[in-house]
Trainee: 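The structure that follows is given in the form of structure tokens.
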2 protein chains.
Amino acid sequence: MVEEKKISMAVIRRLPRYFRYLSDLIKLDIKRISSKELSERMHITASQIRQDLNCFGGFGQQGYGYNVEYLYDEISKILGTNKRFSCIIVGAGNMGNALANYENFARRGFDIIAIFDVKKEKVGTVINNIKVMHMDILPEFIKTHHVDIAMLTVPNNKINEVATQVTELGIKGIWNFSPTDLRLDNGTIVENVHLSDSLMVLGYRLKESRENHNH
Amino acid sequence: MVEEKKISMAVIRRLPRYFRYLSDLIKLDIKRISSKELSERMHITASQIRQDLNCFGGFGQQGYGYNVEYLYDEISKILGTNKRFSCIIVGAGNMGNALANYENFARRGFDIIAIFDVKKEKVGTVINNIKVMHMDILPEFIKTHHVDIAMLTVPNNKINEVATQVTELGIKGIWNFSPTDLRLDNGTIVENVHLSDSLMVLGYRLKESRENHNH
DNA sequence: TAGATTGTTAATCGATTAACAATC
DNA sequence: TAGATTGTTAATCGATTAACAATC
């Protein structure tokens, strides 16, 4: 049995950021970068970068720094962007619509293969080439198609019910757009977006900065 | 001069969560709650709740706990949900559309007063009773209307330009939906949503949990 | 008064930063 | 070889948790 060190959430949440900056460096045709240079671009310490990367392996070279393309590939592998994830959207409202039309997800390995809704008038319509189906078909669909992730954009009062349902049907990943904190016992992985929390924090910070400028 | 203790971001980001749980308690007609009971509901420690709340004041009573309605009101005041924020959306694409249709924002004090886009075919259309105007009108609009927050749902390659523009026009708060990390020198407050970062973290965690179950 | 629970101080834990030996 | 920069250990900082005196 291989000894696995536990990676902290703080590190994990920085990975997509490294990924983005490295992707930018490639576009800028920059071939190598030191932790110091990268730290200046990202506004974090060089120490943190080296610590973070060394959770996963020694990707650099003393006296040289990091090869941009190699490091990008390694982080891609860590994040699993080289793998593909099958996703469904539940809730064909405005947010579901927006997600279905996001071309970037497919580029990052997340394929949206179906959209579900309870409203009869939505069923049969097509959003960005993806058919909208009725919720009644969901169990049958999941039996016949492998689904990794359910993106839930249902009204808040339906979220627990829908989350429980998709979990019981075997889906292991939930991307939750409702304000409710989902708590599912079985090993389901949940990422919350909580848009209104983010907006309220913005409001708070704005109010604070005003008060500090006035007094 | 009043001595002001600096509130950490960790605490600030938990405030909307307290707000939500208290709002739920009110709906459940629960009048009082102890930090212990609340800690069980929220799955955080009672210590943390008491520490967090005491950053802002002593809202409880020894031997009794917290009065739900009173605590809710106090957190509302802290968050500024009793104040109103004027918002504009820049970018009338699918995400801009979804935001414009979110009824919850207005309930929380965030009024969307206008939507802007560069595309001529969008200009003049109405989304959820809000008129879409051309970007050319933006400077004039901001001169004649007070705007607190710009919600930016423009393509990633336009984000820096648009963010700079709204900042120079005097807007102090930006809700950023692009993957780019905005960095604006003048005291602009930025909240990033970074949807694809969240999705990539979900992908990573999903991949990890699978690997841990297999070996 | 006795019991409960806060507000607050002290202890612990974890994450970030600094330092430097290893090495390309 | 000399210079640069990593990988990694040690020090610091901040956030979380525990403990308990204050008090309703």
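Just so we're on the same page: letters track the sequence lines, and every chain starts at 1. None of the values given here were measured: they were computed from a predicted structure.
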Trainee: Both A/Gln51 and A/Tyr64 contact DNA chain D. Which one's nearest nucleotide lies toward the 5' end?
Mentor: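 Residue closer to the 5' terminus by nearest nucleotide: A/Tyr64.
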Trainee: Does the pair B/Arg210/A/Asp148 count as a salt bridge with the N-to-O cut at 4.0 Å?
Mentor: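 Answer for the salt bridge query: yes.
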Trainee: Would you say D/dT5 has OP1 or OP2 under 4.0 Å from some side-chain N or O of A/Ser35?
Mentor: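 It does not, given that no N or O in the side chain of A/Ser35 lies less than 4.0 Å from OP1 or OP2 of D/dT5.
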Trainee: Under 4.0 Å between a side-chain N or O of B/Arg14 and OP1 or OP2 of D/dT16?
Mentor: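 Looking at the OP1 and OP2 atoms of D/dT16, one of them is under 4.0 Å from a side-chain N or O of B/Arg14.
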Trainee: Is the base of D/dA15 touched by the side chain of B/Ser8 through a donor-acceptor pair closer than 3.5 angstrom?
Mentor: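 Per atom types, no contact qualifies.
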Trainee: Starting at CG of A/Asn54 and ending at C1' of D/dT5, how long is that distance when rounded to a whole Å?
Mentor: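 Taking CG of A/Asn54 and C1' of D/dT5, I get 12 Å after rounding.
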Trainee: With sugar-phosphate meaning primed atoms plus P, OP1 and OP2, does B/Ser47 contact a base, only sugar-phosphate, or nothing at under 4.0 Å between heavy atoms?
Mentor: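 Base contact.
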Trainee: Under 4.0 Å between a side-chain N or O of A/Arg50 and OP1 or OP2 of D/dT6?
Mentor: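 True: A/Arg50 side-chain N/O within range (under 4.0 Å) of D/dT6 OP1/OP2.
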Trainee: Within the 3.5 Å criterion, strictly below it, is a donor on A/Ser76 or A/Asn82 matched to an acceptor on the partner's side chain?
Mentor: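 Distance-only check fails for A/Ser76 and A/Asn82.
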Trainee: Please classify the nucleic acid contact of B/Ser34 as base, sugar-phosphate, or nothing, using heavy-atom distances under 4.0 Å.
Mentor: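 Contact class for B/Ser34: sugar-phosphate only.
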Trainee: Quick check on C/dG7: is either OP1 or OP2 less than 4.0 Å from any side-chain nitrogen or oxygen of B/Tyr66?
Mentor: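 Yes, B/Tyr66 has a side-chain N/O under 4.0 Å of OP1/OP2 on C/dG7.
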Trainee: What is the separation between atom CD on A/Glu40 and atom C1' on D/dT5, rounded to the nearest whole Å?
Mentor: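 In whole Å, D/dT5 C1' lies 14 Å from A/Glu40 CD.
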Trainee: Does D/dT16 have its OP1 or OP2 closer than 4.0 Å to a side-chain nitrogen or oxygen of B/Thr45?
Mentor: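 Indeed not, no polar side-chain atom of B/Thr45 lies that close.
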Trainee: Side-chain contact, heavy-atom cut-off 4.5 Å: A/Tyr66 with A/Arg50?
Mentor: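 Yes - at least one pair of side-chain heavy atoms lies under 4.5 Å apart.
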Trainee: Side chains of A/Phe19 and B/Met200: closer than 4.5 Å at any heavy-atom pair?
Mentor: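 Contact flag for A/Phe19/B/Met200 side chains = yes.
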Trainee: Can you tell me if A/Gln62 touches the phosphate of C/dA22, counting only side-chain N or O atoms and a distance under 4.0 Å to OP1 or OP2?
Mentor: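 No, A/Gln62 has no side-chain N/O under 4.0 Å of OP1/OP2 on C/dA22.
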Trainee: Please lay out, stage by stage, how A/Trp175 and A/Phe85 fare under the test ring pair (Phe, Tyr, Trp, His ring centres under 6.0 Å).
Mentor: CA-CA 13 Å; A/Trp175 205 23; A/Phe85 296 92; over 10 Å; no
Trainee: Would you write the dot-bracket representation of DNA chain D, where each base gets (, ), [, ], | or . depending on whether it forms a Watson-Crick or G-U pair under 3.5 Å and with which partner?
Mentor: ..||||||||||||||||||||||
